[in-house]
Amino acid sequence: MAISDYNRSAALNLLLGSIAIGPGMEREKVNNAFQQVLADLAAFYEDEFSNAAAETPEKYGAVGDGVANDTGALTAMYASGAKYFVLRNTYKISGTVAVPTGSITDGRGSGKILVSTANVTALNIASVTGVTIRNLQLQSTVAGALANVSGITIDQSTYCDIIGCTITGFQWAGVLVADASYVRVVGNSFGTMLGTVADASDIHVYYDSDNVLVADNFCFGARTVGINIQDPGGAGTYLPRQVTVRNNIIGAHTVFGINVYVGSPVGTVRNSDIIVEGNFVEGITGAGNTSNGMGIYCVGNGLGGLRVVNNRVKNCCTATLDRTNGPAGITISGFGQTAGLTGTAVSPIVSGNNVDGMTQGDGILIVSCLNGVTLGANNATLASSNNGSGAGGATLVGQALRIQNSNLVNVTGGFYTNAGSSDAIFVFASDASNTDISLTNIQVKTATGFGLRTSRNSTYTITRFNVNGITGTSGGGAIQTDAVVDGTINGFVVASAGSTAADIERTTATSFSNCRFSGTTAVLTVGTCTGSTMDKSNILTGLVSNSGTGMLIERYGTAAPVAGTGANGDFVKNSVSTVGQPKGWECTVAATPGTWVSIGNL
């Protein structure tokens with residue numbers, strides 16, 4: 001009888017593996033039972049038959065009580081020429097043990113390597129291939145002062161797996177992958193690290209490592225970084241590439257949850273093709289690191305091809321003190337920041353992420369990225385306490401989305417909420433002019449700030465700034481534009497509670513269309529706004545104070561304005577078409593309310 005027929009047999013009543021099979025069972029349950037049988041058989045084979053072929057430290061004199069020094073026994077075991085090793089007990093070592101090529105080390109969940117000597121890496125996988133270490137515990141009980149000390153180091157090796165291990169206490173790394181290829185670090189747990197060595201991380205991927213999968217790990221080392229992908233020094237000497245960081249849970253670190261730091265030689269950009277996907281990052285504090293605390297931090301000219309997608313970042317930057325490095329839930333920084341770059345790079349993609357609980361810093365920050373970043377439908381929410389009351393004070397008041405000193409940034413979709421004291425979206429030319437920023441089909445919500453605000457320092461500008469469809473609500477003003485040149489604002493419909501809905505300052509050659517602005521003052525213009533226009537497709541409810549110079553505003557009305565400020569050339573079209581009544585009124589002298597002249601009668 002086929003296994004798929006079991007559920008049709010009225011007479012059959014069996015026990016397959018640990019699951020009872022009886023009449024009328026659903027096919028899926030029967031098939032699951034069959035899979036359990038296979039698993040039981042595999043476990044039986046591994047426990048009963050493979051032990052005969054497995055080497056154990058005890059065969060080479062190990063005591064395995066966690067007290068006696070078993071370094072020599074483990075070294076002899078690994079040098080025996082065997083390929084399968086089983087560690088069931090606790091083995092104390094005082095020196096690094098080398099793991100041979102093509103071998104499997106299985107801790108069966110109970111096996112443990114204990115290091116009680118400072119500055120000792122437990123297992124070293126160097127210049128070999130095809131090594132697997134699984135279900136093993138590794139613990140260091142003493143902190144040294146040196147970097148590059150880890151529970152397991154994979155150095156210049158290929159096709160190696162670290163699976164299902166528990167690693168705690170090591171001063172610099174739980175697992176270090178250095179100049180290695182085709183490596184998987186999957187399903188491991190990382191506990192509290194010891195010591196104060198800088199850049200300590202649960203998992204390091206270093207130098208020219210490539211094709212590395214870091215997935216399904218629990219990273220709670222409570223030190224500097226959860227998962228660190230880095231070109232040491234960041235100068236572009238090395239390029240870790242094609243690294244995937246997926247479905248990890250990371251918390252309780254001080255500097256970064258996930259750090260991608262890949263530079264490039266001066267004047268070039270490169271593609272590292274790193275994927276950061278589906279991770280959960282929480283509680284990266286910034287304590288002791290004044291400008292850090294980011295959940296996900298990606299920086300450098302080697303970020304080409306980066307994908308930061310479908311991650312959840314929560315409650316980071318709680319102890320951060322300043323903005324130097326760009327504190328945020330997710331930060332993308334420094335991609336193509338040098339003029340005259342060579343090389344063709346694929347712009348980073350940031351999409352499908354959810355950032356919330358940020359009491360300081362921004363939700364998502366794009367800063368100093370001059371070669372482009374694409375943002376899809378992210379969801380970023382700042383807490384009501386993101387109001388300057390945190391450790392960083394007013395400096396760390398954040399925005400749900402902040403774009404600063406960047407070019408070629410394309411944002412499509414998403415929901416950006418700021419329950420704190422600032423804006424939903426903020427575009428800032430603080431140290432350089434920005435160009436080619438596009439915001440499309442976005443929802444915003446604020447408690448007190450603007451739905452969208454742009455600003456600048458000095459004489460920097462934001463050129464070719466295009467908005468096409470932003471909707472939502474604002475507890476403050478709807479929009480404030482400053483320093484925008486050659487822009488298009490279309491379909492901006494944000495219901496605002498502020499007294500001024502649209503605050504337009506020093507905005508030139510910019511058109512506003514199909515927008516709705518409602519407030520005591522619907523529109524206020526300030527400064528030089530030469531060449532900017534607001535046509536009759538906009539719906540303006542409230543006073544219009546066109547106090548700036550050079551902007552023309554057209555709108556509908558039933559009479560010449562008697563309040564607000566008119567600029568020469570402004571036009572009000574009569575919204576009530578009646579024979580013998582004016583077609584509209586044009587402002588001929590700028591003033592408050594201005595001199596308005598009738599444009600003929602119907």
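Within the 3.5 Å criterion, the main-chain N or O of S406 finds a donor-acceptor partner in the side chain of N434. A distance-only check finds a donor-acceptor pair linking the side chain of N457 to the backbone of S430 [under 3.5 Å]. A donor-acceptor pair is defined here as one N or O able to donate and one able to accept, closer than 3.5 Å; such a pair exists between the side chain of T320 and the backbone of N292. Listed for the S150 side chain is no donor-acceptor partner under 3.5 Å among the backbone atoms of A173. Without hydrogens or angle criteria, N386 side chain to G361 main chain gives a donor-acceptor distance under 3.5 Å. The backbone N or O of D199 lies less than 3.5 Å from no partner atom in the side chain of N228, so there is not a single donor-acceptor pair. In terms of modelled atom types and a separation under 3.5 Å, the side chain of S532 and the main chain of T510 share a donor-acceptor contact. Put simply, the side chain of T192 never gets that close to the backbone of G221: no donor and acceptor are under 3.5 Å apart. In this structure, the side chain of R246 does not engage the main chain of L213 through any donor-acceptor pair within 3.5 Å. At distances below 3.5 Å, not a single donor-acceptor pair connects side-chain atoms of T318 with backbone N or O atoms of C316.
Under the 4.5 Å side-chain criterion, counting only non-hydrogen atoms from C-beta, N378 is not in contact with V355. Side-chain contact check for N217 versus V175: every heavy-atom pair is 4.5 Å or farther apart. Proximity of F426 to D362: side-chain heavy atoms (C-beta onward) are nowhere separated by under 4.5 Å. Annotation: side chain of L146 is in contact with side chain of Q171 (closest heavy-atom distance under 4.5 Å). With a 4.5 Å cut-off on side-chain heavy atoms, D231 and P240 count as touching.
Going from atom CG of N546 over to atom CG of L552 covers 7.5 Å, rounded to the nearest 0.5 Å. With rounding to the nearest 0.5 Å, the separation of CG in D202 from CG in N188 is 10.5 Å. Taking CZ of R307 as the reference point, atom OG of S347 lies at 12.5 Å (rounded to 0.5 Å). Separating the CZ atom in F517 from the CD1 atom in I539 is a distance of 11.0 Å, to the nearest 0.5 Å. A distance of 11.5 Å separates OG1 in T374 from CD1 in I332, rounded to the nearest 0.5 Å. Summarising the geometry, atom CG belonging to N468 is positioned 5.5 Å from atom OG1 belonging to T440; distances are rounded to the nearest 0.5 Å.
One finds no salt bridge joining D273 and R241 here, because no Lys/Arg side-chain nitrogen approaches an Asp/Glu carboxylate oxygen to under 4.0 Å. Using a 4.0 Å cut-off between charged nitrogen and carboxylate oxygen, D482 and R453 do not count as a salt-bridge pair.
For R516, the CZ atom is loosely surrounded, since the number of other residues' heavy atoms within 6.0 Å does not exceed 12.
Relative orientation of the Y238 and Y207 rings is perpendicular, given thresholds of 30° and 60° on the angle between their planes.
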Next on the checklist: Could you walk me through whether K445 and T381 satisfy the side chain to side chain contact (heavy atoms under 4.5 Å, CB included) test, starting with their C-alpha distance in whole Å, then the side-chain angles of each, then the deciding distance to 0.1 Å, before giving a yes or no?
Outcome noted: CA-CA 9 Å; K445 183 178 181 180; T381 301; over 6 Å; no

Next on the checklist: Checking T565 against T592 for the side-chain hydrogen bond (donor to acceptor under 3.5 Å, both in side chains) test, could you report, in this order, the C-alpha distance in whole Å, the side-chain angles of both residues, the deciding distance, and whether it holds?
Outcome noted: CA-CA 4 Å; T565 302; T592 301; 3.0 Å; yes

Item to check | Pair N353-N311, side-chain hydrogen bond (donor to acceptor under 3.5 Å, both in side chains): steps then yes or no | outcome: CA-CA 5 Å; N353 301 286; N311 300 282; 3.0 Å; yes

Checklist entry - Checking side chain to side chain contact (heavy atoms under 4.5 Å, CB included) for the pair C369/V409: CA distance, chi angles, key distance, verdict? => result CA-CA 8 Å; C369 291; V409 179; 5.6 Å; no

Next on the checklist: I'd like to know whether V276 forms a side chain to side chain contact (heavy atoms under 4.5 Å, CB included) with I227, so could you lay out the CA-CA distance, the side-chain angles of the two residues, the decisive distance to 0.1 Å, and finally the verdict.
Outcome noted: CA-CA 10 Å; V276 179; I227 298 172; over 6 Å; no

Item to check | D322 and S291: CA distance, side-chain angles, deciding distance, side-chain hydrogen bond (donor to acceptor under 3.5 Å, both in side chains) verdict | outcome: CA-CA 5 Å; D322 66 63; S291 187; 3.0 Å; yes

Next on the checklist: Set out, in order, the CA-CA distance, both residues' side-chain angles and the distance that settles side chain to side chain contact (heavy atoms under 4.5 Å, CB included) for L452 and V444, then state yes or no.
Outcome noted: CA-CA 8 Å; L452 169 64; V444 297; over 6 Å; no

Next on the checklist: As a quick check of understanding, evaluate salt bridge (Lys or Arg N to Asp or Glu O under 4.0 Å) for D423 and R402, giving each step before the final call.
Outcome noted: CA-CA 9 Å; D423 316 303; R402 183 181 179 118; over 6 Å; no

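T481 and T507 are linked by a side-chain donor-acceptor pair at a separation below 3.5 angstrom, with hydrogens and angles left out of the test. N418 and T446 form no side-chain donor-acceptor contact under 3.5 Å, judged by distance and modelled atom types alone. For the 3.5 Å distance criterion, the side chains of N490 and S513 qualify, holding a donor opposite an acceptor. No side-chain N or O of N466 forms a donor-acceptor pair with one of S438 less than 3.5 Å apart. If you check the side chains of T528 and T530, you find no donor sitting under 3.5 Å from an acceptor. A donor atom on one side chain and an acceptor atom on the other are not found under 3.5 Å apart for D431 and Q404. If you check the side chains of N405 and S368, you find no donor sitting under 3.5 Å from an acceptor. Defined by atom type and a distance below 3.5 Å, a donor-acceptor pair is missing between the side-chain atoms of T463 and D486.
When all heavy atoms of D436 and R464 are compared, the closest pair comes out as OD1-NE, 2.7 Å. Residues R223 and T196 approach most closely at NH2-C, 3.2 Å, considering heavy atoms. The two atoms that bring A400 and Y416 nearest to each other are CB-CB, 3.7 Å, heavy atoms only. Closest of all the heavy-atom pairs between M358 and L382 is CB-CD2, 3.6 Å. A pairwise comparison of heavy atoms in M193 and W172 identifies CE-C, 3.4 Å as the closest pair. Across all non-hydrogen atoms, the minimal contact from A501 to G519 is CB-N, 4.4 Å.
Each ring-ring contact (aromatic ring centres under 6.0 Å, His included) pair with one or both residues in residues 456-499, not counting sequence neighbours, would appear here, but there are none.
If you run side chain to side chain contact (heavy atoms under 4.5 Å, CB included) between I489 and each of I470, I479, L439, only I479 comes through.
Legend: residues meeting ring pair (Phe, Tyr, Trp, His ring centres under 6.0 Å) with F218, ordered by chain and number and at least two apart, are absent.
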